[in-house]
Amino acid sequence: MAFLLMLWDTKLAESLYHPLQTAEVTLRNALATILIDEFQIDWWSHKGFTSPLSDEELGDLEKALKRAIKTHGSRMTGGHLITRLPLGFWQHLLTHKRARQVFLKNPLAARFPAVARDAVNEAFAARRIASRSPISPSRPYLFRPYSARSHVPARELIDMNEIVREKMWETVDKIRTTRNRIAHQQPIFDKGPHLAYQMALRLTGWISADAAWLAASFNTFEEMLQCRPKLIW
C-alpha cells in the first residue's frame, strides 16, 4: 500500500507542475513589470530598490546576476535575470515592510485590482468592513470597520492594500511550500495539494485570465486526485 501511495503522490506532483509553474512565472513577470515602473529598466541596480534589501535578498539578487551575466554577458536583460531569481525573492516583496518600499507610485490594491475586488467582497462577507464602498472616492482603499456607526479615527480604518498584501503573500507561501516539497521529493498527498492547486489558479487569474485558463485547461490534477489507491481486504 505504501508503494502505491508513493506512486500516486508522484503522479499528483507531476500533475501540479504546470499550474504551480504558471502561477510563479505569471507573478514574477507582473512584479518585474512593476519594478520597472517604480524604479527603472535595470531596477536591480537602482539604489532605491537595493538599499532596503536584506542580506538574504541581496545574496539572491547577486547570485542571479552572476549567473545571468555569465550566460549572456553584456546582452543580459531583465528577462534573463528574473528567471534566475527564486520564488522566495518575489514573495519577500509582498511582506509588510518591503511592500511599503516597493509600491510607491501606485499602491498594491491599484496594481492588482482583481485581488482588491476579492478582498473587499470577502472582508464584507466576513463582517470585517461596514460596506463594499470606501470612505470616499479620494481615499479608495480605506474602509470603515464593520462595527463602525459614525466617525472612525484614521488609525481604526481598514487599509485594503494591507489585506491585498496579506492575501497575496499567503497564497504565494502555499504555492512555494508545495513546490519546494515536490522539489525535495517530500509527500504532498496529505499536505493539502488541492488547496495549492486552487491557490495557483487563483493567483494566476488575479493577474492574467488567459494564463489561468491555460493552467486550468491543460493539467490532469483533478483527475489524478480521484485516483487515490484503496486498500482492499
Side-chain angles (χ1 to χ4, degrees), residues 20-68 76-120 122-123 128 139-143 154-155 157-180 183 196 199-200 202-208 211:
L20 295 179
Q21 178 196 53
T22 302
E24 179 175 355
V25 172
T26 304
L27 174 69
R28 76 188 186 198
N29 287 348
L31 290 176
T33 299
I34 291 172
L35 292 181
I36 292 172
D37 182 54
E38 291 284 350
F39 300 100
Q40 58 191 33
I41 190 70
D42 55 341
W43 49 267
W44 56 89
S45 64
H46 194 287
K47 289 186 177 181
F49 175 73
T50 60
S51 294
L53 296 182
S54 66
D55 291 342
E56 180 182 1
E57 292 167 320
L58 283 172
D60 286 340
L61 184 59
E62 289 171 1
K63 288 177 185 177
L65 271 171
K66 287 180 181 178
R67 290 196 296 267
M76 189 212 78
T77 66
H80 298 132
L81 174 63
I82 66 173
T83 62
R84 290 166 170 78
L85 285 166
L87 182 55
F89 179 86
W90 302 106
Q91 184 183 5
H92 285 164
L93 299 183
L94 298 171
T95 61
H96 176 75
K97 179 180 179 180
R98 194 66 68 238
R100 293 170 64 91
Q101 298 165 334
V102 171
F103 303 100
L104 304 174
K105 293 181 180 179
N106 286 297
L108 198 58
R111 294 289 192 180
F112 297 99
V115 190
R117 286 194 296 271
D118 282 358
V120 168
E122 291 173 13
R128 188 173 178 182
R139 305 172 78 184
Y141 305 114
L142 293 178
F143 293 75
R155 66 179 181 277
L157 292 172
I158 294 177
D159 185 354
M160 199 53 59
N161 287 295
E162 181 61 16
I163 296 179
V164 167
R165 185 200 64 76
E166 290 175 357
K167 285 177 67 65
M168 293 189 71
W169 189 94
E170 291 169 359
T171 300
V172 175
D173 193 58
K174 177 62 176 177
I175 293 169
R176 183 184 59 82
T177 300
T178 302
R179 191 205 61 174
N180 287 350
M199 285 189 161
R202 192 179 194 191
L203 176 62
T204 306
W206 280 335
I207 301 169
S208 170

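These numbers come from the heavy atoms of this one structure, side chains and all, not from hydrogens, waters or symmetry mates.
Listed by chain and number, the residues in a salt bridge (Lys or Arg N to Asp or Glu O under 4.0 Å) with Arg111 are Asp37, Glu38 (sequence neighbours excluded). By the salt bridge (Lys or Arg N to Asp or Glu O under 4.0 Å) test, Lys167 pairs with Glu122, sequence neighbours left out.
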* Take Tyr141 and Val164 through the test side chain to side chain contact (heavy atoms under 4.5 Å, CB included) and record every step on the way to the result. => CA-CA 10 Å; Tyr141 305 114; Val164 167; over 6 Å; no
Chi angles and distances behind the side chain to side chain contact (heavy atoms under 4.5 Å, CB included) call for Ile82, Trp90: CA-CA 9 Å; Ile82 66 173; Trp90 302 106; 3.7 Å; yes
Query raised in the report: Stepwise, does the side chain to side chain contact (heavy atoms under 4.5 Å, CB included) test hold for Leu203 with Thr26?
Result: CA-CA 8 Å; Leu203 176 62; Thr26 304; over 6 Å; no
Checklist entry - For Leu31 and Phe103, what are the C-alpha separation, side-chain angles and deciding distance, and is it a side chain to side chain contact (heavy atoms under 4.5 Å, CB included)? => result CA-CA 10 Å; Leu31 290 176; Phe103 303 100; 4.0 Å; yes
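Surrounding CG of Leu58 are more than 12 heavy atoms belonging to other residues, nucleotides or ligands, all under 6.0 Å away. Atom CZ of Arg28 sits in a crowded spot, with more than 12 heavy atoms from other residues, nucleotides or ligands closer than 6.0 Å. Within a 6.0 Å radius of NZ in Lys97, other residues, nucleotides and ligands contribute 12 heavy atoms or fewer.
Considering only heavy atoms from C-beta on, Thr171 stays 4.5 Å or farther from Val115 through its side chain. Proximity of Leu81 to Leu61: side-chain heavy atoms (C-beta onward) are separated by under 4.5 Å at one or more points. You'll find the side chain of Leu35 stays beyond 4.5 Å of the side chain of His46, heavy atoms only. The side-chain heavy atoms of Ser45 and Gln40, taken from C-beta on, include a pair separated by under 4.5 Å. For the pair Asp159 and Leu142, the minimum side-chain heavy-atom distance is below 4.5 Å. In this structure the side chain of Asp118 never reaches within 4.5 angstrom of the side chain of Phe112, judged on heavy atoms.
The list of side-chain hydrogen bond (donor to acceptor under 3.5 Å, both in side chains) pairs with a residue in residues 47-56, not counting sequence neighbours, reads Ser54-Glu57.
A salt bridge is defined here as a Lys NZ or Arg NE, NH1 or NH2 lying under 4.0 Å from an Asp or Glu carboxylate O, and Asp60 with Lys63 fails to meet this definition.
Annotation for His92 and Thr95: closest pair O-OG1, 2.9 Å, computed over non-hydrogen atoms. Considering all non-hydrogen atoms of both residues, Trp44 and Phe49 come closest at CA-CD2, 4.5 Å. Closest approach of Gln91 to Asp173, counting heavy atoms only: NE2-OD1, 3.1 Å. Closest heavy-atom contact between Asn161 and Ala109: OD1-N, 2.8 Å. Listed here is the closest heavy atom pair of Ala196 and Ile175: O-CG1, 4.4 Å. Nearest heavy atoms, Glu170 versus Met199: O-SD, 4.4 Å.
Side-chain atoms of Arg165 do not come within 3.5 Å of backbone N or O of Leu108 as any donor-acceptor pair. No donor-acceptor pair closer than 3.5 Å links the side chain of Arg176 to the backbone N or O of Glu24.
Side-chain contact annotation: Thr77 with His80, donor-acceptor N/O pair under 3.5 Å present.
Here Ile34 contributes atom CD1 and Leu104 contributes atom CG; the two are 11.5 Å apart, rounded to the nearest 0.5 Å.
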